[in-house]
Amino acid sequence: MGMVKSTNEGNITGFILLGFSDYPQLQMALFVVILILYLLTILGNTTIILISHLEPKLNTPMYFFLSHLSFLDLCFTSSVIPQLLVNLQDPMKTITYGGCVVQLYVSLALGSTECVLLAVMSYDRYMAICRPLHYALLMHPHLCMALTSLAWLSGVATTLVQSTLTLQLPLCGHHQVDHFICEIPVLIKLACVDTTFNEAELFVASILFLVVPISFILVSYGYITKAVLKIKSATGRKKVFGICSSHVTVVIMFYGTIMFMYLQSAKSTYKDQGKFVSLFYTVVTPMLNPLIYTLRNKEVKEALRKVLGKILVIKFT
């Protein structure tokens, strides 16, 4: 394994992302699988964004938030996967210090934004199902924009604080990152000083961006379930459960995997599990989101057929 030189013991010019070096027999297979998943992520999320804007029937708060989720997933995967694909083929597995810093700030901002956005989406579903008569009045475009802006600003704020504090830690020449991405937990492990404060700050931030949103989501869906059970029509119940189950599935996949990574101690020894868990929420979940929302949602499937039909008509006329 090559080494990244540093100008002095405290001035790192780059890092080695060890990634899946312990599994050389898997690296080619991982490269192919991740590349395919990345292309599907781009295709699926771009499709969601386009049909949400092109189909008038989807000009609703739900699809407004969904298009932001798709845009988030596109940006998040693009901040991680290209570097991962390069390192799976590169025996040196290096990333510049600047590249690591950018990846750290951007991926944390986008991940934190998604945590808040998923909670906002659960509030939207609560309003649509539990207060349908007031839904259009309450979930007006200005409120939707404000809630989305809150999600984005909170993501930016937390990365400015967490990433900056993490980058202040002295590494004493340590530059081998036992991961495939520059994330706060793994960078804290490289520090050669006491990291109690950073770990405490990371834990508090994880509570704010993981535990609080998922608690809000669970409460919202508790009320939604209660309201759905009161619907007398079996068809109506099935339709509502179909829409809500899509969101619940995304929530379970996203929060379940990311909580494993961020709520454990920075001194945790579950390094290999952490890599594969991170692989799930950085690669798999963003690819599955469009599939979950389209395959389980008749409105999206009908809109997609309509848009494709228009494109084919234009192409052959």
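The figures that follow rest on heavy atoms only: side chains count, while hydrogens, waters and symmetry mates do not. Start at 1 with the first residue, then count along the sequence.
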In terms of relative ring orientation, are F254 and Y281 parallel, tilted or perpendicular, with 30° and 60° separating the classes?
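Ring orientation of F254 relative to Y281: perpendicular.
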
Spatial distance of atom [atom1] ([X]) from atom [atom2] ([Y]) [nearest 0.5 Å]:
X	Y	atom1	atom2	answer
L26	F20	CG	CZ	9.0 Å
H134	M139	NE2	CE	14.5 Å
C100	H175	SG	NE2	13.0 Å
F209	S112	CZ	OG	5.0 Å
Q162	T158	CD	OG1	3.5 Å
I258	I214	CD1	CD1	11.0 Å

Would a single hydrophobic cluster contain both [Y] and [X], if residues Ile, Leu, Val, Met, Phe, Trp and Tyr are joined by side-chain heavy-atom contacts under 4.5 Å?
X	Y	answer
L160	L167	yes
I217	L150	no
V284	L43	no
V219	I224	yes
L88	V86	no

Compare every heavy atom of [Y] with every heavy atom of [X], then report the nearest pair and how far apart it is.
X	Y	value
L190	V177	CD1-CG2, 3.7 Å
C144	F64	O-CE2, 3.6 Å
K275	G19	NZ-O, 2.6 Å
V212	L208	CB-O, 3.6 Å
E183	S278	OE1-OG, 3.6 Å
I188	E199	CG2-CG, 4.2 Å

Without swapping roles, check the side chain of [X] against the backbone of [Y] for a donor-acceptor pair under 3.5 Å.
X	Y	result
T195	N198	no
T77	V283	no
N45	P286	yes
Y255	C115	yes
T159	G155	no
S122	A119	yes

Please say whether more than 12 non-hydrogen atoms of neighbouring residues, nucleotides or ligands are located less than 6.0 Å from NE2 in H140.
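Yes, NE2 of H140 has more than 12 neighbouring heavy atoms, counting only those of other groups under 6.0 Å.
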
Flag yes if more than 12 heavy atoms outside F280 fall under 6.0 Å of its CZ atom; otherwise flag no.
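It does: F280 CZ has more than 12 such atoms within range.
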
Do [X] and [Y] have side chains that approach each other closer than 4.5 Å (heavy atoms only, starting at C-beta)?
X	Y	value
R125	S220	no
T46	I49	no
Q83	I181	no
L17	T94	no
V186	D178	no
E201	V161	yes
T282	I81	no
F31	L84	no

With side chain to side chain contact (heavy atoms under 4.5 Å, CB included) as the criterion, how do V102 and Y97 come out once you've worked through the C-alpha distance, each side chain's angles and the decisive distance to 0.1 Å?
CA-CA 9 Å; V102 170; Y97 180 81; over 6 Å; no

Please tell me whether F276 and Y23 form a close aromatic pair, meaning their ring centres lie under 6.0 Å apart.
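For F276 and Y23, the ring centres are under 6.0 Å apart.
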
Any side-chain donor paired with an acceptor under 3.5 Å for S107 and Q103?
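Short answer, no.
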
Between F197 and L165, does a side chain to side chain contact (heavy atoms under 4.5 Å, CB included) hold up when you go through it step by step?
CA-CA 10 Å; F197 174 79; L165 287 175; 4.1 Å; yes

Any chance you could lay out the side chain to side chain contact (heavy atoms under 4.5 Å, CB included) test for F180 and N87, step after step, and finish with the verdict?
CA-CA 8 Å; F180 63 85; N87 286 353; over 6 Å; no

List the steps and the verdict of side chain to side chain contact (heavy atoms under 4.5 Å, CB included) for L18 and H179.
CA-CA 6 Å; L18 296 177; H179 211 319; over 6 Å; no

